Every structure is written in structure tokens, then in C-alpha cells.
Amino acid sequence: MSDLRLNPFTLATFAPGDAASFAYDRGAQATGIVHFGIGAFHRAHQAWYTDRAMSAGDRNWAITGVSLRSGEVAHQMNPQEGLYTVTERAGEGASTRIIGAVRDVLVAPYEPEAVAAALAAPATRIVSFTITEKGYCRAADGSLDLTLAGDESVYHYLQKGLRRRHDAGLPGLTLMSCDNLAENGKQLARLMREHLKRCDPALLAWFEAACTCPSTMVDRIVPAPTADDRDAVAEMLDGLRDEAAVVTEPFSQWVIEDSFANGRPAWDKVGAQFVADVRPYETAKLRMLNGAHSLLAYVGLSHGHTFVHEAVRDPAIRLLAEQLMREEAAPTIIAAPGQDLAAYTDALIERFANPALQHRLIQIAMDGSQKVPQRWLETLAANQRKGREAFAILEGIAGWIKHLRGRNGPIDDPMAQDLQTVVQADDPVNALFGTNGLLASDWVPRDTDRTAILSRLA
Ligand code: NAI
Ligand code: CS2
């Protein structure tokens, strides 16, 4: 296997394989987007849309990525001058596209000045985020956790960049969250306001007048890339190495609230949807897809499965996933115009069963404290208000408690320590979800709920 890396020179020289590629002059594009959290999902979703929008004629939407925590992606992408590939896999088929939209990656802790300059650049119009649910520094009640929102937080960097724009008389920015949170834009706006009230109150009025925070629903299953993925892509590229390669499914969906401070790419020309209200789309996605995903993760792991496609092929687990989507989540959702939730469930089961993705359950199992509220507790509360039980979700909670008790190894969760303590209690359900529980919510467990969960903890 050659050591030649994918970069503009090797791409021009070797024009690898039959990979599709971008159709615009990369060097001529201004950087219009700064993206925080340039992980696998951004590369397979928003950057993929933006690349195709520029290939279709849109201009000046190059992306500067920012990593807040590690230099890994910068080391993967900067030697490639931002070039990387997206490979879609379904069954035996695979197709690869070379993406040119990303220009470079900054590692914020080592180059804060470069991050502030990128945010303050006149050509920058959008700041987007895939920083995981925990990146928003929320306390259990959803407010800004001041112990987390320090100088390393996304809010600190945003404040520095926005302050410069204000002082230079530049337009505001669109802050576009692409994370799996309910009303992600509204949450980001609220949390940023909380940060500014504390750290730069004089900027607050300008932020509210000049910046927007649209909500989005984002959907594409993107497993964490592996060394085998990178080797398979190198074979497709006639030996060129792409260390930032991502593998995903053919399906992709992006629904965006059309509220932009200073323009936006023509993403709708390449399959995205601009709408006035994202909520019907995001509620269905979070409660059905993500709700079922977390059930498959915790129940699948407790049954000895490793991948999503294995868990969904286990008849007992598939039955639970279908029950959660069809009978427990769907009845709580006001469908978007033209949205058929029964057909949506069928499509989700098919997507989960795609063996080509090798989507690890342990990846989905991480950060449960940040995911369970919007994936399960909202659904439980909505059913409780109607006097309905949701036993599939209760089965998922039992699986999560077993996970937190160490059944599947170390816990990857920002609240791991507290969670591991409370699940040792005689009544872990009350300690987690009761009125004064760690994850207290609108759902208050009844005795029937408690019995259903505790009976499954054996
Ligand atoms: P990843 O692990 O490849 O990237 C995560 C990114 O978030 C990295 O840049 C990391 O540095 C950053 N990050 C992690 N913790 C952070 C913190 N506390 N503060 C600031 N930044 C932090 O993960 P991936 O696959 O890119 O997913 C990221 C997010 O994208 C998910 O959490 C989810 O919200 C969203 N998403 C992911 C999908 C997928 O299938 N992977 C699909 C739909 C949405
Ligand atoms: C998954 C999501 O890791 C997880 O929690 O449920 O990342 C899922 O793959 C995406 O939301 C699909 O769009």
C-alpha cells in the first residue's frame, strides 16, 4: 500500500479510480463557514452538501474546521490541504466522492487567535456546530453549566469572534447547530445569551439583533471511521491514502429553519429543505430514529451484540424497536406535512439493518445522560399525559442501567461518576428519574414503571 497521501498535487497527478469529485476552483473560494466539531458527521453531511452546492455553481462557501479538544482531525486533514472522501455503502455497493469544501482545520486550544480571526473575517457568514450533545455545556436542568462553560468552551471562542465583528462594524453571523438536540438552535441561542450576560453583557443586544440561531434536523448514519475503512478507501483511490475518510449510508436528510443573518449556500439545490418550523421533523427523528437507536444500543449490548445491524436482526430486539417507534413514539408526534410515520419506521428498520455500515452499539451507548432526555423521557412524558405506558422504552432504561452498572465495560459519559453512584441505589429508577433524581423531567415514574424496569435488571 503506497504512502502517498491524497492532496491537490496527487489528486491532479493520479486522478484516482472512478471516485466522483468536486467541480469548482477551490483556491478561488472565500471561506464562508467556520465549523466547530469537524468530526465524522460534519464531513459526511454538512460539508458534503456544501461541496455539492459549490459544484452546482454556488460560490465562496469554503469551510474552516475548528477542533476544541484534540488535534487528531487537523493531523488527518491539514497534510491533505482539507481534501478527504465520503464513501456511501449499502449491501455490496460503495461509491466514493472526493470533497473539496474544507480548507483547513484549526485546533482551538493551540491557536485561539486564528479561531477569533476566522470568526471575525468579513467573508465569514455562518458558524456551524457538531460538538456532540455534551458540547453545549448544559446542566441537568438545561441551563448553562458555569463549571463547564469556561475558556475551553465553544461560547468563549464565539464571544471573542463576535466581539471583534461588533467592534469592526461587521454584520452578525448565523450560528447553526447540527447536533441531535431538540430545538437545537433555540437552545444554542439561550445558552449563548446566558454566557454573554455573564462575560460580555454589552454585546448581548447586538448578538440578539445581528445574529440568528436557526434550528436544524440532521440525519445521516455515520459510524466512527476505522483503519479498515481507510484501507478500503485507499484501494478505491488506487493507493492514495485519505486519513480523514468517512463511511456512511446513501440516505441523508437535512431540514433547516430558514433564518440566516447574512446569506446561506443553496443547500436546497442539493437536497436540503428550508422550512419555517423544523420541530415536526426533529421530533420524529429524535424520538423514533434516535430513540430506537439507543434502545438497540443498550438492549443489544446486554444481549452480546456489537453492531446495530446484528441487534435489529435479533427478533426479540427488533420487536422492541418497532414497538418503540410505532406504538410509543409515533402517537406523540404531530407529523410534518406529507410525513408518513409508518413508512418512516419501515425505512428506519431497513437503514438499521444495513450490514455495510458496521455501526458499533458502544458508540451510540456513549453520553446517555445527554441523549436519554430528548430520545426517551419526552416520549414517556407525552404518553404518561395520555395515560399510556411505554414498555419498550422501559426495557431500554433497564438496559441503560445495566450499562451504567458496568455490564459493557467503562462508561463514556460526562456524568459517568454521578450516574454510576445513583444506579447502585436500591431504587435506581427513583434516583435517576424521580422528582429529585439526577435526570428529573416531566416524566415521573409510577410504580408500574418502576416494577417493569427493576424486574428486568437481573
Ligand atoms: P466525532 O466524534 O467524529 O466528532 C465529535 C466532535 O465533537 C469532535 O470534533 C470533538 O472534538 C467535538 N467534541 C466532543 N466533545 C466536545 C465538547 N465537550 N465540547 C466541544 N466539542 C466537543 O462524532 P460525529 O460522528 O461527528 O458526531 C458529532 C455529533 O453530530 C453527534 O454528537 C450528533 O450530535 C451529531 N450527529 C451525528 C451523527 C452520526 O451518525 N455520527 C448523525 C446525526 C447527528
Ligand atoms: C446515534 C446518532 O450515536 C448516536 O447516538 O443515534 O448519531 C445517529 O447515528 C444519527 O442521529 C443518525 O442521523
Side-chain angles (χ1 to χ4, degrees), residues 35-48 65-74 76-77 84 105-109 115 128-138 145 147-158 177-182 184 187-188 191 216-226 244-249 251-255 281-282 284-298 300 307-308 311 321 347-348 351-352 354 357 359-372 374-376 396 400 412-415:
H35 183 81
F36 282 86
I38 183 156
F41 179 60
H42 176 72
R43 303 203 299 274
H45 188 270
Q46 303 100 62
W48 174 79
V66 179
S67 294
L68 285 176
R69 305 203 338 164
S70 97
E72 182 187 3
V73 173
Q76 291 171 337
M77 298 193 79
Y84 71 97
V105 179
L106 305 174
V107 187
V115 174
S128 51
F129 309 84
T130 49
I131 52 177
T132 77
E133 296 88 337
K134 58 184 176 292
Y136 294 81
C137 307
R138 296 171 301 153
D145 182 331
T147 63
L148 297 175
D151 291 354
E152 324 70 47
S153 74
V154 70
Y155 305 109
H156 171 78
Y157 292 101
L158 282 173
S177 170
C178 294
D179 277 296
N180 281 330
L181 295 176
N184 51 19
Q187 290 204 54
L188 175 59
L191 293 159
T216 70
M217 186 283 272
V218 289
D219 186 5
R220 191 169 219 188
I221 296 175
V222 185
T226 65
V246 289
V247 174
T248 184
E249 60 177 336
F251 178 90
S252 185
Q253 187 176 12
W254 196 10
V255 182
Y281 302 91
E282 72 171 26
K285 197 265 182 171
L286 287 170
R287 294 186 187 179
M288 293 178 69
L289 186 157
N290 293 116
H293 242 189
S294 290
L295 175 97
L296 291 169
Y298 298 121
F307 299 108
V308 171
L348 289 175
R351 289 172 62 195
F352 293 156
N354 181 358
L357 285 188
H359 197 181
R360 290 181 182 280
L361 297 170
I362 200 69
Q363 177 182 352
I364 300 169
M366 69 185 276
D367 294 351
S369 65
Q370 312 293 306
K371 298 177 177 179
V372 162
Q374 62 269 17
R375 297 183 179 198
W376 289 347
W400 187 38
D412 188 354
D413 191 301
M415 295 176 68

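Read the numbers this way: they start at 1 and go in the same order the structure lists the ligands and their atoms. Worth saying up front: this structure is predicted, and the values here are computed from it rather than measured.
- Remark: Ser70 pairs with no residue by the side chain to side chain donor-acceptor pair (under 3.5 Å) rule, at least two apart or across chains.
- Contact annotation: for Gln370 versus ligand 2, there are no heavy atoms closer than 4.0 Å.
- In Asn180, the part holding a heavy atom less than 4.0 Å from any atom of ligand 2 is the side chain.
- No donor-acceptor pair closer than 3.5 Å links the side chain of Arg43 to the backbone N or O of Tyr84.
- With sequence neighbours excluded, the residues that form a side chain to side chain donor-acceptor pair (under 3.5 Å) with Tyr136 are Ser177, Asp179.
- Put simply, the side chain of Ile38 reaches to within 4.5 Å of the side chain of Ser67, judged on heavy atoms.
- The nearest heavy-atom contact from the protein to atom 13 (O) of ligand 2 is Asp219 OD1, 2.7 Å.
- Counting all heavy atoms, side chain and backbone alike, Asp145 lies closest to Arg138 at CB-C, 4.0 Å.
- Ligand 2 lies less than 4.0 angstrom from a heavy atom belonging to Lys285.
- Checked against side chain to side chain donor-acceptor pair (under 3.5 Å), His293 has no partners two or more places apart in sequence or in another chain.
- Protein heavy atom at the shortest distance from atom 2 (C) of ligand 2 is Asn290 ND2, 3.6 Å.
- When atom types are taken as modelled, the side chain of Lys285 and the backbone of Val218 share a donor-acceptor pair closer than 3.5 angstrom.
- The closest protein non-hydrogen atom to atom 1 (C) of ligand 2 is His293 ND1, 3.3 Å.
- Every N/O-N/O distance between Gln363 and ligand 2 stays at or above 3.5 Å.
- With a heavy-atom cut-off of 4.0 Å, Ile364 touches ligand 2 through backbone and side chain alike.
- The backbone N or O of Asp367 lies less than 3.5 Å from no partner atom in the side chain of Glu133, so there is not a single donor-acceptor pair.
- Taking CG of Asp219 as the reference point, atom OH of Tyr281 lies at 13.5 Å (rounded to 0.5 Å).
- Without hydrogens or angle criteria, Gln374 side chain to Asn180 main chain gives a donor-acceptor distance under 3.5 Å.
- Each of the atoms 3 (O), 4 (C), 5 (O) of ligand 2 lies under 4.0 Å from some heavy atom of Lys371.
- A distance of 10.0 Å separates CD in Gln363 from CG in Asp412, rounded to the nearest 0.5 Å.
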Report every pair formed by an N or O atom of ligand 1 and a protein N or O atom separated by less than 3.5 Å, giving atom names and the distance to 0.1 Å.
unit_1   : atom_1 : unit_2 : atom_2 : d
ligand 1 : 3 (O)  : Ala40  : N      : 2.9
ligand 1 : 7 (O)  : Thr130 : O      : 3.4
ligand 1 : 18 (N) : Arg69  : NH1    : 3.3
ligand 1 : 26 (O) : Ala40  : N      : 3.2
ligand 1 : 26 (O) : Phe41  : N      : 2.9
ligand 1 : 32 (O) : Glu133 : OE1    : 3.2
ligand 1 : 34 (O) : Asp179 : OD1    : 2.7
ligand 1 : 34 (O) : Asn180 : N      : 3.0
ligand 1 : 40 (O) : Arg220 : O      : 3.2
ligand 1 : 40 (O) : Val222 : N      : 2.9
ligand 1 : 41 (N) : Val222 : O      : 3.0

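- Within ligand 2, the atoms closer than 4.0 Å to a non-hydrogen atom of His359 are 9 (O), numbered from 1 in the order shown.
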